[in-house]
Structure formats: structure tokens, C-alpha cells
Amino acid sequence: MADAVRVRFAPSPTGHLHIGGARTALFNYLFARHNNGSFILRIEDTDRTRSTEEYIGSILEGMRWLNLDWDEGPYRQTDRFDIYQRYAQNLLKEGKAYPCYCSPEELEQRRQEALAQGKSPKYDGRCRNLNSPPPDRKPAIRFMMPQEGEIIVDDLIHGKVVFDNAQLDDLIIMRSDGTPTYNFTVVVDDVDMNITHVIRGDDHLNNTPKQIHIYQSLGYELPSFGHLPMILGSDKARLSKRHGATSVIAYRDMGYLSEALVNYLVRLGWSYGDQEVFTIDELIRYFSFEHIGKSAAVFNPEKLLWLNSQYIMKSTPGELVDLVMPFLIKEPIINEGQISDRVWLSKAISTLQERSRTLVELAQSLTYYIADEIEYNVKAKEKFLNEKYLANLTEVKASLETVDTFVAAEIEKVFTSASQKLETKLGNIAQPVRVAVTGKTESPGIFEVLEILGKEKTLNRLARAIHVITMKS
RNA sequence: GGUCCCAUCGUCUAGAGGCCUAGGACGUGGCCCUCUCAAGGCCGUAACACGGGUUCGAAUCCCGUUGGGACUACCA
């Protein structure tokens, strides 16, 4: 099993788990599972000023919600400083890295000058062969990049990409405060953790040649690289807060199912013929790099919403009871601890499944089933709770009072005969009743609604509606 | 500025030289169903960025142009 697949997702805890990161994690996960390999989670928190514990927690929460279970970790780079230190000292000893005494301020100034003159803001290598180091400064450590020749990145998605070594900078691998930097820690960790495939965003393609040189200096074999295309906002700019919600947790709170988000994310850049909806097992089975596109994808909330509605329809009412419960409590439509009858709630939910695109919508629609009193939508009330429909409501109420088995089929009979007796279309009876019991002009089939509501609530609401009309006139 | 990546309907994509008068999905328009709203069904709408090659033949291969993106930090 020496060549067992080992991949990793390595987020930086400088923000919540966002859409782009989640997709990178997902592709790593699918690749690992497809190959019976290992999926490793590593927190890249070497930037101590921007990393927070809160974000680490949030990222893990997002990963768990998406069901992207990892096999190892989370490792934290801040726990591994001694390892980087050791590798850096070795490079120093072997003359493959050197101390640099330039201060950040000096460096920044030279950068600006170079930029102003239209030159490349590359480090000039002035500390490469320093004879007399300034005594009072703590140096950073720079990696000695080859200055000529070219290097080829053989990418799983992009194929061979050629870079000119002269273009590469002597990058800092250890800061003057002794902490390591990104391009160094990734390599050390990927070596140390036996990562076989580095699957990450396109934005890292330019870093790859530098990292390859570090691998080679360290004397290690290269992993395979695969650079995923980016996710863009509607204006084709990199996806950010400006485009609306970007954190995975925000989608959970907006009532999306994690399976729907996963399904949506995977289709951003990956395809399997014409198939749009996949189970996670199918994704694992079908996943392959051959079907990953090269171009960036625009995040489209409309399609995500559609997928979510598909998943809500596919779910069983029983599953939805559990999923919608937190939203019912949050609204609040029911009080925490107030245990509703699950069977009854399932039945109510089953009427709403194909009418709810999110769990939030589902919870809100459930209100008129659960609440003691409903609120009338102003327009609905004006249009249907008036003199014109009074006789219809009164007739239906009177007939319903005589129904013993209060089920949809029996209720329908009442409506049909009322329609004949009053010589009016069914709609002229159903709509005012609908407003009377739900407060709105849209709802599931009225017979079903009344059955679920039960005889008592139905009659009470009809009575109230009749009362409202009578008072008005 | 330099380096690198990318380029099919508004959006996600199928397409690996002839199967393409370019297919599917979201959206959107119309119709059907119908107690409302949905769901569902049917029918539309809409794309190979541009210019050169290569080839009997190009959305597919090559070059250039244009456009977009990424990187260019003692961030990751």
C-alpha cells in the first residue's frame, strides 16, 4: 500500500469555510474516497495575526455539516514549528538557503521603487553572499532559487505548464521572528504527511514552481498536482462577500440541505454527461479528474435554490421533521421542548415539500398548521373575506360541522355539493376558505389542509372569518 | 508592468476532427393540468469571442488578437 492515495485540505483560519474552500475540500474528499485513500485536514495557521480559534471551530463545523469526514487531523501548523525549524536549518547548512538582513520596510520601499519604474518587484538577492552581517538584526531565511533554466509543472488538470526560473524569487521561508511562511510549510507538511496528490485552487498554480524547487532541495519526490478552477461572482470577479453569502454555514442557516450544496458545488467545474442530481455514492463512484473543466465558474444562487428544492422533494417527511425543527424553534413557531406529534407533523410537511425551496420557507409555511391564530394577508383578506363570499363560507361551515370522519375525501364531498347547491365554481368556495384558514391565497390542496388542521381548528377559523366579514359590514 | 491560467446559450455544462442545422440543466416566455400556489408535462428563447492557419472536413489541432482571472508579501 505504499502508493495509497493521500490528499489533504489545508484551509487557513482567517475566515469561515467559504464556498470556494468547501469545493476544494469536496474534490479532495471525493478523490480520496474514490481511490480508497485518506483525506487529511490540516489547519494552516502560521499567520498568527489573522488566524483565530473561532474560525478553526467554524471551519470544522462547516466540514462536519457537509459530511466531509476526514481521516486524519486536524493538524495544526502552529504545533509543528520545530519541524519547519529543523528543515530550514538543514537547508541553511547545505547552503540552499541563506539569512537575509533586509528589513520589511526596506524591502517594501524597494518594491515600490521597482514598480514605479515599471520593473519586476523581485528580490535582488543582495544578502545571498553577505560577508559582514549587521550585528543587531535578526535575519529572515530566504530560499535560494535557481536563476536560470526552466521548470515544468505537470498538472492533472492543466497539463504541462512551463515556468522560467529567472522569474522566481528567493522567497522567505522563515520570518525574522522564527515563524515559517506558507510556501515552505506546505512543502514540508506535504512531504511529512506523505501527500500523494495536491489538489487545490488555481490561485496556487503560480506558487507551484517555487514549491517544486523546495521539494528538490529537500531531496523529496514530487506529489501530483491538480489545480482547480476558481469560483467567481456574478460580475466574474473572485467570489467575495460583495456577492452575498459566501460562508457555508450561512447556507445552512438559510435553510439549504448540505447534500444540495455539495451537489451544486461539485457541478461547478465537474460534470458527468448530462446528469445533474447525484447521491454522494454516485459522486464517489464517478469522480475523476478527466471530467474537471479548466475555466472558472460563476456561482449561480438560482440553480442552487432549484437543487435545494429537488432535495427537499426527495427527502422523506420524517427526515424533514428533524431538519426543519431548528428553524421552527428559531422562528419561533414552536417553543423548544414543546414536542409536536411527529406523525402529524410529517403529514403536514408532506403537503409542503414541493412548495418549499428551503427549510426556512418550509418552516414559515408550517405556521398556519401549527399556530393557534393566523394572520390574514391584507390583500387576501380584502379580496376574499367580504360580503360576496359570506354565503359560501357559511354554507361550508355548516356542512363541515356535520362531518364525522374529518378526512380529505369527505371534506371534498362537502365542497362539491356546496358548489352545486350555491351554483358557483369550486374556486369561489375554496379560495375564501383558504384565506380563512391559512390567511393566504396560496396553500396545498384545501381538502388536505383542512384534514391536517382538524375539525376544531377549521371550524374556529371559519367562524372567525365569518365574524370578521359581519363586523365589517 | 511581468509571469501564468482560461475562453460553447444570461449562468453551470456536454462536446476529446466528420455523429453538431451544437445536446442537457438553471433562469426566462407560452401552453396543458388545476380549488390557489407549487410540482409535473409539452413547446419556445438563447452560445462555439475575433482573425489567421492545418485539414477533404474544425466548437474540437496550431498561431495571433481581444477579453477575463490568478500570482507577483517577513498573507495563505
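Every chain is numbered from 1, with letters handed out A, B, ... down the list of sequences.
In this entry the distance linking CG of A/Asn392 with P of B/rC35 reads 15 Å, nearest Å. Distance A/Ile152 CD1 to B/rC4 P: 13 Å, rounded to the nearest Å. A/Met145 has its CE atom 14 Å from the C1' atom of B/rU3, to the nearest Å. In this structure, A/Asn165 atom CG and B/rU72 atom P are separated by 18 Å, rounded to whole Å. Regarding A/Trp306, its CH2 atom lies at a distance of 8 Å from the P atom of B/rG27, rounded to whole Å. The CG atom of A/Leu168 sits 18 Å away from the P atom of B/rG2 (whole-angstrom rounding).
Rounded to a whole angstrom, the distance from the P atom of B/rU60 to that of B/rC48 is 12 Å. Taking the C1' atoms as reference points, B/rU13 lies 29 Å from B/rU55, given to the whole Å. B/rG23 sits 11 Å from B/rA47 when the P atoms are compared, rounded to a whole Å. Going from the P atom of B/rG29 to that of B/rC35 covers 24 Å, rounded to whole Å. The separation of B/rG2 from B/rC62, taken at their C1' atoms, amounts to 25 Å, rounded to a whole angstrom. B/rC20 and B/rA14 have their C1' atoms separated by 12 Å, given to the nearest Å. Taking atom C1' in both B/rG67 and B/rG51, the straight-line distance is 14 Å, to the nearest Å.
With sequence neighbours excluded, the residues that form a side chain to side chain contact (heavy atoms under 4.5 Å, CB included) with A/Arg200 are A/Arg8, A/Tyr182, A/Val186, A/Val198, A/His204, A/Thr208, A/Gln211, A/Phe225, A/His227. Taking the side chain to side chain contact (heavy atoms under 4.5 Å, CB included) definition, one finds that A/Ile374 meets it with A/Tyr368, A/Tyr376, A/Arg461, A/Arg464, sequence neighbours left out. Applying the side chain to side chain donor-acceptor pair (under 3.5 Å) rule to A/Thr351 yields the partners A/Tyr369; only residues at least two apart in sequence or on another chain are considered. Annotation: side chain to side chain donor-acceptor pair (under 3.5 Å) contacts of A/Asn206 (sequence neighbours excluded): none. By the side chain to side chain donor-acceptor pair (under 3.5 Å) test, A/Asp45 is found to be paired with A/Arg76, A/Thr78, residues two or more places apart in sequence or in another chain being considered. Applying the side chain to side chain donor-acceptor pair (under 3.5 Å) test to A/Lys138 and every residue at least two apart in sequence or in another chain returns nothing. Take A/Ser12 and apply the side chain to side chain contact (heavy atoms under 4.5 Å, CB included) test, not counting sequence neighbours, and it matches A/Thr14.
Within the 4.0 angstrom heavy-atom criterion, no nucleotide atom of any strand lies near A/Asp164. A/Asp169 comes within contact range of no nucleotide atom at all, as no heavy-atom separation falls under 4.0 Å. Residue contacts for A/Leu307: at a heavy-atom cut-off of 4.0 Å it reaches no nucleic acid atom on any strand shown.
Pair check for B/rG1 finds B/rU72; Watson-Crick or G-U wobble, both atom distances under 3.5 Å. The partner of B/rC37, taking Watson-Crick or G-U wobble pairs whose two distances both stay under 3.5 Å, does not exist in any strand shown. Look at B/rG17: it lacks any Watson-Crick or wobble partner with both distances under 3.5 angstrom. B/rA58 is unpaired under the criterion used here, namely a Watson-Crick or G-U wobble arrangement in which both key atom distances are under 3.5 Å. The pairing partner recorded for B/rC42 is B/rG30, the criterion being a Watson-Crick or G-U wobble arrangement whose two distances lie under 3.5 angstrom. Across the strands present, B/rU65 finds its partner in B/rA49; the criterion is a Watson-Crick or G-U wobble pair with both atom distances under 3.5 angstrom.
Residues A/Asn165 and A/His213 come closest through the heavy atom pair OD1-CE1, 2.8 Å.
Comparing A/Gln167 and A/Leu205 by the nucleotide of RNA chain B whose heavy atom lies nearest to each, the residue mapping closer to the 5' end is A/Gln167.
Proximity note for A/Tyr182 (side chain, C-beta onward) versus B/rC5, B/rC74, B/rA76: the nearest is B/rA76. Which of B/rC74, B/rU3, B/rA76 sits closest to the side chain of A/Thr46 comes down to B/rA76. For A/Arg238, the listed nucleotide lying nearest its side chain is B/rA70; candidates were B/rC4, B/rA70, B/rG2. With B/rC74, B/rG1, B/rG27 as the choices, the nucleotide that has an atom nearest any side-chain atom of A/Ala140 turns out to be B/rC74.
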N/O-N/O pairs, protein side and nucleotides 18-20 of chain B side, under 3.5 Å:
none

Sub-3.5 Å pairs of nitrogen or oxygen atoms, protein against nucleotides 36-39 of chain B:
residue, atom, partner, partner atom, Å
B/rU36, O4', A/Gln431, OE1, 3.2
B/rU36, O2', A/Thr441, O, 2.7
B/rU36, N1, A/Arg434, NH1, 3.3
B/rU36, O2, A/Arg434, NE, 3.3
B/rU36, O2, A/Thr441, O, 3.4
B/rU36, O2, A/Ser443, N, 2.8
B/rU36, O2, A/Ser443, O, 3.1
B/rU36, N3, A/Arg434, NH2, 3.1
B/rU36, N3, A/Ser443, O, 2.5
B/rU36, O4, A/Gly445, N, 3.3
B/rC37, O2, A/Arg355, NE, 2.6
B/rC37, N3, A/Arg355, NE, 3.4
B/rC37, N3, A/Arg355, NH2, 2.9
B/rA38, O2', A/Glu354, O, 2.2
B/rA38, N1, A/Glu354, OE2, 3.4
B/rA38, N3, A/Glu354, OE2, 3.2

So A/Arg137 and A/Glu106, salt bridge (Lys or Arg N to Asp or Glu O under 4.0 Å) or not? Walk me through it. CA-CA 13 Å; A/Arg137 274 194 195 176; A/Glu106 291 166 347; 3.0 Å; yes
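In summary, the side chains of A/Tyr311 and A/Asn263 do present a donor paired with an acceptor at a separation below 3.5 Å, with no hydrogens or angles considered. Checked by atom type, the side-chain pair A/Ser399/A/Glu395 shows a donor-acceptor distance below 3.5 Å. Between A/Glu113 and A/Gln109, the side chains place a donor N or O and an acceptor N or O closer than 3.5 Å (distance only, hydrogens not considered). Between the side chains of A/Thr49 and A/Asp47, a donor-acceptor pair is found at a separation under 3.5 Å.
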Could you run down nucleotides 7-14 of chain B 5' to 3' and tag each one B, S or - for protein heavy-atom contact under 4.0 Å? S--BSBSS
Per-nt protein contacts along nucleotides 41-51 of chain B (heavy atom under 4.0 Å; B base, S backbone sugar-phosphate only, - none) come out as -----------
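No donor-acceptor contact under 3.5 Å links the side chain of A/Asp45 to the base of B/rA76. The base of B/rA70 sits with one of its N or O atoms less than 3.5 Å from a complementary donor or acceptor on the side chain of A/Asn206.
In this structure, A/Arg42 pairs ionically with A/Asp190, as a charged nitrogen and a carboxylate oxygen lie closer than 4.0 Å. At a threshold of 4.0 Å, the pair A/Lys303-A/Glu276 counts as salt-bridged, since one of the basic side-chain nitrogens sits closer than that to a carboxylate oxygen.
Within the structure, the salt bridge (Lys or Arg N to Asp or Glu O under 4.0 Å) test picks out the following pairs touching residues 230-243 of chain A (sequence neighbours left out): A/Asp203-A/Arg238, A/Asp235-A/Arg242.
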